[in-house]
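Order of appearance sets the numbers: ligands from 1, and atoms from 1 within every ligand.
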Amino acid sequence: MIKVAASILSADFLKLGAEIDRAADAGADWLHFDVMDGMFVPNISFGPAVLQAAVRANRLPCDVHLMIESPERYIESFAKAGARVITVHAEATHHLHRALHQVRDCGCLAGVSLNPATPPDCLRYVLGDFDLALVMTVNPGFGGQKLIPAAMNKVGEIHRMLSEAGVSAEIEVDGGVDLTTAPKIVRQGATVLVAGSAMFGSPDIAAFVDGLKKLGRAAV
Ligand code: DX5
Ligand code: ZN
């Protein structure tokens, strides 16, 4: 089964509550929160207060993608605000293993994200320490970018690495996911698809989510 994570970065912030309801009614499984600090990525988005408001107002699990330097400084705040999954970037921390365990100790599922140019090998020595690998298929910082094909090929490599080690974890793909790019991503073993601009820009958001989920069923 494919899970669809709606990235609220592409929602209309003035109507955030209604936009979240729209994604939930359309069948999205998770809400994806892109947290940006203007340092790790060249953009600034929102923090724990916005997450807390969203958690109170809706029923979907919140998947927090921390695009911030030294994410360990904020893990507890986002956990307290109600995150279900907290993902840190391997490139943003000197102590990935420690950060992942900090996330789990806060009661959340731990994710590790890799920028497009980061090799998947860095996951090898933290296998078993994360619940989700987030493959960035665009350079993080903005919605609405074009998928980088070479980055997508890491999905299959990570899928093999996990199978060979007998470790189970979600493989989430983020950036440029739409109904054209998703089939190849799903065939390589992705289990969670993040969609921002393609979802919120779709004239029929329910049909879009259904289209992504059908790809998952076809790949089984
Ligand atoms: C980019 C973010 C993504 C972004 C995806 O830094 O991590 O989650 O919102 O947006 P689309 O689906 O438009 O590429
Ligand atoms: Zn993201």
*Within-2.8 Å protein N/O/S contacts of the Zn ion (ligand 2)*: H32 NE2, D34 OD1, H65 ND1, D174 OD2
*Please list, chain by chain and in numerical order, all residues satisfying side-chain hydrogen bond (donor to acceptor under 3.5 Å, both in side chains) with K80, sequence neighbours excluded.*
E76
*Answer whether the closest heavy-atom distance between the side chains of T87 and L66 falls below 4.5 Å.*
no
*So, D174 and S7: side-chain donor and acceptor under 3.5 Å apart, yes or no?*
no
*Please list, by chain and number, the protein residues whose heavy atoms come under 4.0 Å of ligand 1.*
S7, L9, H32, D34, M36, H65, M67, M136, P140, G141, F142, G143, G144, D174, G175, G176, V194, A195, G196, S197
*Determine which pairs satisfy salt bridge (Lys or Arg N to Asp or Glu O under 4.0 Å) with at least one residue from residues 12-30, sequence neighbours left out, and list them in order.*
D12-K15, E19-R22, D25-R59, D29-K213
*Validation row: V64, V85 side chains within 4.5 angstrom (heavy atoms)*: no
*Is the backbone N or O of T118 less than 3.5 Å from a side-chain atom of N115, with the two atoms forming a donor-acceptor pair by type?*
no
*Taking D129 for its side chain and L100 for its backbone only, find out whether a donor-acceptor pair lies under 3.5 Å.*
no
_Does this structure show an ion pair linking E170 with K3, if we count only N-O contacts that are shorter than 4.0 Å?_
yes
*asked:* If I compare all heavy atoms of L134 with all of H32, which pair ends up nearest, and what's the gap?
replied: CD2-CE1, 4.3 Å
